[in-house]
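Written out below as structure tokens is the structure these notes cover.
Side-chain atoms are counted along with the backbone in the values below, which use heavy atoms only and exclude waters and symmetry mates. Below, read A as the first sequence line, B as the second, and so on, with proteins coming before strands; counting in each chain starts at 1. What you see is a predicted model; the values in this text were computed from it and never measured.
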Amino acid sequence: MEEFLQDLNESQQQAVLYNEGPSLVIAGAGSGKTRVLTYKIAFLLESGYAPYNILALTFTNKAAREMKERIASIVGGPTAARLWMGTFHSIFSRILRVNADRLGFTSDFTIYDTSDSRSLLKSIIKEKDLDDKIYKPASVQAIISNAKNALITPQAYQVNKDLVESDERAKRPLIKDIYQTYWNRCQKAGVMDFDDLLLYTNILFRDHPDVLERYRQIFRFILVDEYQDTNFAQHLIIHQLSKGHNHICVVGDDAQSIYSFRGANISNILNLKSDYPGCKTFKLERNYRSTQNIVRAANSLIDKNKEQIRKQVYSENAVGNKIDVLSAYSDFEEGYMVANRVSEMKRLSKYAYNDFVILYRTNAQSRIFEEALRKKNIPYRIYGGLSFYQRKEIKDVIAYFRLAINPHDEEAIKRVINYPARGIGDTTLGKIIECGIHNDVSLWQVIATPLEYTLPVNNGTLNKIQKFKELIEEFIDANNKMNAMDIAELIIRRSGIFTEIYANRSPENLSRQENLQELMNGIQEFCSLRQEEGVEEIALTDFLAEISLATDQDEKEDDDSDKVTMMTIHASKGLEFKNVFVVGLEEDLFPAALSKNSERELEEERRLLYVAITRAEENCALSYAATRYRNGQPTAMPPSRFLKDIDPTYLNMPSELKSKQNVEDSIYSFSSRSLGMYSSSRSSFFKREEPVLPSKKQDLPLKSYSPRLKRLDAVNTSSVSGGSVSITGLDVGARIRHDRFGSGIVTEISGEGDNRKIGVEFEQVGKKQLLLKFAKFTIIK
DNA sequence: GGCCGGGGCATTTTT
DNA sequence: TGCCCCGGCC
């Protein structure tokens, strides 16, 4: 440990060593926050805490994975693996599964992602004959999500005057009913959405003190990363768990709180002291990332925010260049200026394309930079877009997986009841849904026993439904007997998806085939990882539990080619680049027009720019355009007010801005749904009488899975090599090249027909099993 | 079921 | 200006 401490500066050391009571570590940008967190955990382990007594929460899978790896390198893999480390959602979904019976769920509940819940809301709105122009699914979803994050159940919502009146004012009085219906439907279907995972955890702890007490005993030390991004539900879970021992350390930076629109509440960190009396604050103020000019410029900007914890972030790196402010006539020209600068800088210095990032406020801005870079032959990559698990073909397969585990899952049923086409169209589905609502049962119950619920369909349809039911039952049955890999295969084959997707070699199908292959590789990798950890039988449930909470946010590690990066500022949090371009610094774009309603949101926009600037290690440039195509129209754009917020000492201003003051001193109007709207019900949450949910007796042992699925490739490459057709010349000893795994030697061949697989010893990645049906590789000799 | 065209729309998106 | 969704049509 001694030698580790030498890696830390004074304030980092203090933060690591103080563990007697609650502490808050304010970690300025680039101040070595992760290092403190990892060393602190290592230190706790050394001071006698068992790994399974430490709970360490992060917001992203990626952060959890990285921290786990770093801790493993200090204390060893097996110890690190026993830590309770993961995202809020993954850790508490594990806890919910173990205690599901207390909440009227089974441990097999499935998880709705954002699009599932939106789709359910859509159908509810339709069923209620409401106008979806007024009850926009997305807005309704946001309102419900906010309510859940504030721990307001439908019952509580209905009696909450503020909320009900606010909805009435907005001419949407029925939101409370939609919420109630949505809630009931999720229960019937045995599913939870992302927000439910946190809300039900709170309900579990509130209504079952014995459970809370048990976890208080287990989690003897709690650490939370990125605390500025916690919402009320998360805050309360932590508060409940740490009550008593108060061994809690939260790390964060209020200046980097940029997710309030997702429910994050900056006051959680600002007011931490009142929640944890005696809380010690440590400030990590030395920035190791950026030049002095960049740090000072960023400081001068964030200084304009009222709501913040004051700190003195400083750098002892070189003074560095001033921040360039680039003024363009048009968005078009802005693209060219940036592209030109990239090539100039690359030519004049030793920079690689990887050293550059273009950060924008909205995804729509990327186009123009793409064009400009392409014209100059500058390679680039764009982050954001459809994640792997959101691709249609993947969602389809996963819907079947979900049904094998939880056939009541409504959205999964809707998705695949007629995919591949089996003659159960919208009309029939509509009847099934109606019948389910009428009898207060799940769709699956109607499908399983249509006669019992007098489903009004003809015999032909009844037959088709029967077939579908048998199919799903086959999967359920198989799921009880087979491991993840085998059942995944079975599902893909028996559902008809295989036939569908491998029917022809159209480009779309080829891409689907690749994605399907990728999914199988993902399961494969998941299984082999788990096997390495000594788990023999890997159930599909475990895989599903993992990927339901996986997003594709992780960066593309296997693409190490030299490219300029483009992404939104939000996506850039936590990353660093030598050279940063922050583009589109214009009023109504950055700050966004909608954020000008309130000072709060404006401050968040300012923090967003702070985050953007502090990504830079060596150079930073801010650009704006005087005109920009917006909604088809060329629009005059005044420069962003934020340009005035930065101390000009650290800027190279264009002469134009120096002379005339066209940054308007605008009058903002404050309005509408302020952040306080949910506050009235919050504090009383733990006292409120809630209808106790019916409980079912079912107890499952805690499954010990460690979430770490290696990232799947989300990018469509167009290379295709047919391994699925002919396998002549493929024998033990043959040398093959695989798209992903590189080259290797075939060491064994096994299985028959569709099950035929080969074992390959790859040079880079070691031994892998490949299903011939799916594997794409070429035989080299 | 798939294709086409019109209309509405257009912040950010850790799980 | 583009994109996405829906409705109408084959």
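- For F261(A), the ring pair (Phe, Tyr, Trp, His ring centres under 6.0 Å) partners two or more places apart in sequence, or in a different chain, are Y259(A), H570(A).
- Contacts of N418(A) with the nucleic acid, taken as non-hydrogen atoms under 4.0 Å apart, involve only primed sugar atoms and P, OP1 or OP2.
- The CD-P distance, from E604(A) to dT13(B), rounds to 12 Å in whole Å.
- Contacts of F109(A) classified as ring pair (Phe, Tyr, Trp, His ring centres under 6.0 Å), with partners at least two apart in sequence or in another chain: none.
- Taking atom P in both dT13(B) and dC4(C), one finds a spacing of 15 Å when rounded to whole Å.
- Which of dT11(B), dT14(B), dT13(B) sits closest to the side chain of F261(A) comes down to dT13(B).
- Picking from dT12(B), dT11(B), dC9(B) the nucleotide with the shortest atom distance to the side chain of K133(A) gives dC9(B).
- To the nearest 0.5 Å, the span separating CG on N418(A) from CG on D426(A) amounts to 8.0 Å.
- In this structure, the nucleotide among dT11(B), dT13(B), dT14(B) sitting nearest to the side chain of E605(A) is dT11(B).
- Following rounding to the nearest Å, R607(A) (CZ) and dT12(B) (C1') show an atom-to-atom distance of 13 Å.
- Here dT14(B) presents its P atom at 21 Å from CE of M85(A), a figure rounded to the nearest Å.
- When the P atom of dT12(B) is taken as reference, atom CG of L609(A) falls 17 Å away, rounded to whole Å.
- Electrostatic pairing of R628(A) and D588(A) does not count as a salt bridge here, judged by no charged N lying under 4.0 Å from a carboxylate O.
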Working note: S595(A) + E604(A), criterion side chain to side chain donor-acceptor pair (under 3.5 Å); need CA distance, chi angles, decisive distance, verdict.
CA-CA 9 Å; S595(A) 70; E604(A) 176 143 324; over 6 Å; no
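- For the salt bridge (Lys or Arg N to Asp or Glu O under 4.0 Å) with D229(A), the lone residue among K573(A), R607(A), R262(A) that qualifies is K573(A).
- Separation of the C1' atoms belonging to dT12(B) and dC5(C) is 22 Å when rounded to the nearest angstrom.
- Between dG1(B), dT14(B), dT11(B), one nucleotide has an atom nearer to the side chain of Y259(A) than all others, and that is dT14(B).
- In this structure, L57(A) atom CG and dT14(B) atom P are separated by 19 Å, rounded to whole Å.
- Rounded to an integer number of Å, the gap from K596(A) NZ to dT11(B) P is 15 Å.
- Looking at E333(A) and S330(A), their side chains never bring a donor and an acceptor atom within 3.5 Å of each other.
- The distance from atom CG of L602(A) to atom P of dT12(B) is 18 Å, rounded to the nearest whole Å.
- Nearest-nucleotide positions on DNA chain B for S595(A) and R422(A) put R422(A) closer to the 5' end.
- Candidate nucleotides dT12(B), dC9(B), dT13(B) were compared by shortest atom distance to the side chain of T362(A), and dT12(B) ranks first.
- Using atom C1' as the reference point in both dT14(B) and dC3(C), the two lie 26 Å apart (nearest Å).
- Side-chain N/O atoms of T58(A) include none lying less than 4.0 angstrom from OP1 or OP2 on dT14(B).
- Glycosidic conformation at dT12(B) (O4'-C1'-N9-C4 for purines, O4'-C1'-N1-C2 for pyrimidines): anti, more than 90° from 0.
- The distance from atom OH of Y383(A) to atom P of dT12(B) is 19 Å, rounded to the nearest whole Å.
- Residue-level contact check: A421(A) touches the backbone only, with heavy atoms under 4.0 Å from sugar-phosphate atoms and none from bases.
- With the nearest nucleotide of DNA chain B identified for both I258(A) and R262(A), I258(A) has the one nearer the 5' end.
- Residue N363(A) places at least one side-chain N or O closer than 4.0 Å to OP1 or OP2 of dT13(B).
- Checked by distance alone, R361(A) brings a side-chain donor or acceptor within 3.5 Å of a matching partner on the base of dT12(B).
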When you check every protein heavy atom under 4.0 Å of nucleotides 1-7 of chain C, what one-letter string (B, S, -) results, 5' to 3'?
BSS--S-
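- When heavy atoms are screened at a 4.0 angstrom cut-off, L594(A) is found touching base atoms of the nucleic acid.
- Donor-acceptor pairing under 3.5 Å is lacking for the side chains of S117(A) and D193(A).
- A donor-acceptor contact closer than 3.5 angstrom is absent between the side chains of K464(A) and T428(A).
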